[in-house]
Protein chains: 4
Amino acid sequence: MGAKERREREKRQRKSQILDTARALLLEKGLNATSINQIAKRSELSVGAIYFYFKDKEELFASLQVEGLELLHKTIQKAINKDSSPEEKIKSIASAYLRFSEKHKNYFDIINYFLTAPKTVFSPELKNKIDAHGNVSISTLADAISEGIDSGLFKAVNPRRQAIILWSAFNGIIQLKKLQKTILAKDEYKSLYIESLERFLDGLRN
Amino acid sequence: MGAKERREREKRQRKSQILDTARALLLEKGLNATSINQIAKRSELSVGAIYFYFKDKEELFASLQVEGLELLHKTIQKAINKDSSPEEKIKSIASAYLRFSEKHKNYFDIINYFLTAPKTVFSPELKNKIDAHGNVSISTLADAISEGIDSGLFKAVNPRRQAIILWSAFNGIIQLKKLQKTILAKDEYKSLYIESLERFLDGLRN
Amino acid sequence: MGAKERREREKRQRKSQILDTARALLLEKGLNATSINQIAKRSELSVGAIYFYFKDKEELFASLQVEGLELLHKTIQKAINKDSSPEEKIKSIASAYLRFSEKHKNYFDIINYFLTAPKTVFSPELKNKIDAHGNVSISTLADAISEGIDSGLFKAVNPRRQAIILWSAFNGIIQLKKLQKTILAKDEYKSLYIESLERFLDGLRN
Amino acid sequence: MGAKERREREKRQRKSQILDTARALLLEKGLNATSINQIAKRSELSVGAIYFYFKDKEELFASLQVEGLELLHKTIQKAINKDSSPEEKIKSIASAYLRFSEKHKNYFDIINYFLTAPKTVFSPELKNKIDAHGNVSISTLADAISEGIDSGLFKAVNPRRQAIILWSAFNGIIQLKKLQKTILAKDEYKSLYIESLERFLDGLRN
DNA sequence: CATGAATGAGGTTTCATTCAT
DNA sequence: GATGAATGAAACCTCATTCAT
């Protein structure tokens, strides 16, 4: 007894081990430059083992996405103080998101990497699942906005739509990070991020 | 006589022909899935011919970028009515940008594809050149905002920063297009785009 | 049981098989004209298989070098009769070297091919290793000369330097083989080789 | 009048120009890595022009050989003082050859590059011509040895054979240059060259 | 004479995936 | 469960050579 559980645990560990290596390589070299052989070598597993745990390359990388989205959701959930004002909640979410993009750069980049790919790299089925996952975080933001409207603080706009707009604006700004040293000064994107939120809230208030 | 000129013209045409094919394939399949062999086959040229016109894959794709950025700049320039109000100018630019993203989807996607790639695909030198090109369109937007501030219409904010913020917001929204049919309804992103601009202007006004 | 060992053995065999083919092709066509594709085709393996056994072309050809130098060393070692006189030892080594150049023409040519290439084809690291290997055979010759000096037979010269000089002279002559049928008569280089040794010993004796 | 001559001169210049570039590239990169396109680009001529002056790549590189052998012959001829002793003549030739290998490293390397190639890169016809050219320098050395024999200074050996033996020894030593920094100290090959000649003359004297 | 655009085979290397052990 | 040898297509790029202008 317990042997079965040990095996289960080992199996989960192996999978983690593969995902860890894949994540690292993906960020180092990009999707196409990351090969199964490389993952095998670096994770000190055999190629066959990887194909045992993941049907194919696609499934492996999709797992990374889901992982990332889950972590994002948790991070945001943790950042919200239930008793604070709607504006404070929105600011908390915003700052949690920015921090996530820095602290978990790997995951953030992976999420965006797949989100902004011109072609659906994944099967539709998989993509739905992933998008649904992303939806969760949007809802959290929408709830805060909704609260602000109900309390008369914000204009009577559609909360979900505002959430999406704000979220998109955030993403737009964070992507500016890549323009550092060319168009933008170092870390200018962060102050732009904050100012962007200000402008949005200015526009939202009654 | 004129033989030389005809040759010149033919050369330009060939180059266009290659770029056309590359552009199409790039959008169909993405950067890494687009091979020189494919471009050669579809453009009915030999592989060698392509390498005669472009030093390597990178240079070919960079040409597409620059092409796109130039077209974008022209499109925006044309959209502005010099005599209209600052708000109208901003709206014109915004709607020109949205239209550009639809009408010249190929170019728009390519611009964004490279802009948001996690790894610098191009040489730093090349990247600088490209970013500088992009800078031009930002300036046009900044000018309109500046005008609004001068005329007392807008708050006394930094025009260039606002331009970047707005531009980023636009990009953020346009990327939502990919979420159509999963999270978003069809063309919902367009109305979000418009609302996003409204919210921004709301926040900017005195 | 023994399955592992059999696998090991098969792996070694495959590697030999590739080296055999490469060796043959290299001698037939020269380094640059020998392609991995050709080696794959003739050894009835896939291209990928060759890259499984050898990191790249360089490593493959370096293996041939090392192989050859090892065989050369062994051949010379075997040729020496410990009880014979220094002159006899030198003659034995000389004749062993000439025989090696004929019997193991493939290896000999490969050794010389890389030794006399105008550009360092190999990485410095690799080249060091190879040169060190070559050093061993020189030492054997130097020992014999040293013995002759100690016994008062030879002038008090530097043994290692004489060894190198003699060895170089041998190589110089053996290369003449290529001039057969143009400048030289058939096998004239062999008698030149012997005479060359005579002249050298004449000059070395007290 | 004179137009014809001017054209002739221009033609020769063009040919030189091509050969200069080819020679430089050959030594930089080796035979196979030197392409006609590269030569064209660097010599600021068209590919077609090169094919006008040389039938193909082979003929181009053969010209370099012949060039080099002619220069070698002239250099040696100049080095000999008709009134000096046979030994002095031999030493003059030897030192001229060593100097040639340094001063005209390009030519020397090219001569050796083709001489020691495992396969006949050239057509037999071409190879004959080249070898004959090389023969001339050997004869000069043989004459000096012959003189020494006639004057009772040297043993009654075959002069031509001794010339070849000595020449080969020289080549053997000069090739050691490549082993500098691995097996040999810097410029050790030069002192070996001199000692090699000493040893040979020791063996030749009565 | 000279140009340079075009060819297309062939170079090295990497890859996802399979399957016998 | 796990291994890793093997496949072969496909990636990018270069080459000697030709030929219409």
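Chain letters run A, B, ... following the sequence lines, proteins first, then strands; residues in each count from 1.
Annotation for A/Ala22 and A/Ile39: closest pair CB-CD1, 3.9 Å, computed over non-hydrogen atoms. Of all non-hydrogen atoms in D/Tyr53 and D/Ile18, the two that sit nearest each other are CD1-CD1, 3.8 Å. Contact between D/Ile111 and D/Gln65 at its shortest, heavy atoms only, is CA-OE1, 3.5 Å.
Residues from residues 42-53 of chain D placing a heavy atom under 4.0 Å of any atom in DNA chain F, listed by number, are D/Val47, D/Tyr51.
The 5' end of DNA chain F is approached more closely, in terms of each residue's nearest nucleotide, by A/Arg14 than by the other of A/Arg14 and B/Thr34.
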Review point. Is there a side-chain contact (heavy atoms from CB on, under 4.5 Å) between C/Gln38 and C/Arg42 once you walk through the steps?
Key: CA-CA 6 Å; C/Gln38 282 169 32; C/Arg42 199 186 282 195; over 6 Å; no
**Study point:** Step-by-step side-chain contact (heavy atoms from CB on, under 4.5 Å) determination, B/Asp56 to B/Glu59
**Key:** CA-CA 5 Å; B/Asp56 53 21; B/Glu59 195 181 288; 3.7 Å; yes
**Study point:** side-chain contact (heavy atoms from CB on, under 4.5 Å) assessment of D/Leu19 paired with D/Leu60
**Key:** CA-CA 7 Å; D/Leu19 285 170; D/Leu60 205 175; 3.8 Å; yes
Check your understanding: Could you walk me through whether C/Phe61 and C/Ile110 pass the side-chain contact (heavy atoms from CB on, under 4.5 Å) check?
Key -> CA-CA 9 Å; C/Phe61 287 127; C/Ile110 288 166; over 6 Å; no
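One interatomic measurement links the two molecules: CG of C/Leu60 to P of E/dT13, which rounds to 10 Å at whole-angstrom precision. Between the P atom of F/dA16 and the CD atom of D/Glu58 lies a distance of 13 Å, rounded to the nearest Å. Counting to the nearest Å, the C1' atom of F/dT7 and the CD1 atom of C/Ile36 are 16 Å from each other. Put simply, CZ on A/Phe61 is 12 Å from C1' on E/dC15, counting in whole angstrom units. Distance, C/Ile39 CD1 to E/dT13 P: 11 Å, rounded to whole Å. Rounding to whole angstrom units, NZ of residue A/Lys11 and C1' of F/dA2 are separated by 12 Å. E/dT21 atom P lies 17 Å from atom CD of C/Glu5, rounded to whole Å. Put simply, NZ on A/Lys41 is 11 Å from C1' on F/dG4, counting in whole angstrom units.
Legend: side chain to side chain donor-acceptor pair (under 3.5 Å) pairs involving residues 12-27 of chain D, not counting sequence neighbours, sorted by first then second residue: D/Asp20-D/Arg23, D/Arg23-D/Glu67, D/Arg23-D/Tyr107.
Within the 4.0 Å cut-off from OP1 or OP2 of E/dT14, not a single side-chain nitrogen or oxygen of A/Gln38 is found. The phosphate of F/dG1 (OP1 or OP2) has a side-chain N or O of A/Arg7 nearer than 4.0 angstrom.
With respect to A/Glu5 and A/Lys11, no salt bridge is recorded, no charged nitrogen being found less than 4.0 Å from a carboxylate O.
A/Ala33 comes within 4.0 angstrom of sugar-phosphate atoms only, judged by non-hydrogen atoms across all strands, and of no base. In this structure, D/Asn37 reaches the bases: a heavy-atom distance under 4.0 Å links it to at least one base atom across the strands shown.
Nearest nucleotide to the A/Lys57 side chain, out of F/dT17, E/dT17, F/dA11: E/dT17.
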Practice item. Kindly express the pairing pattern of DNA chain E in dot-bracket notation, using | wherever a base pairs with another strand and counting only Watson-Crick or G-U pairs under 3.5 Å. Key: .||||||||||||||||||||
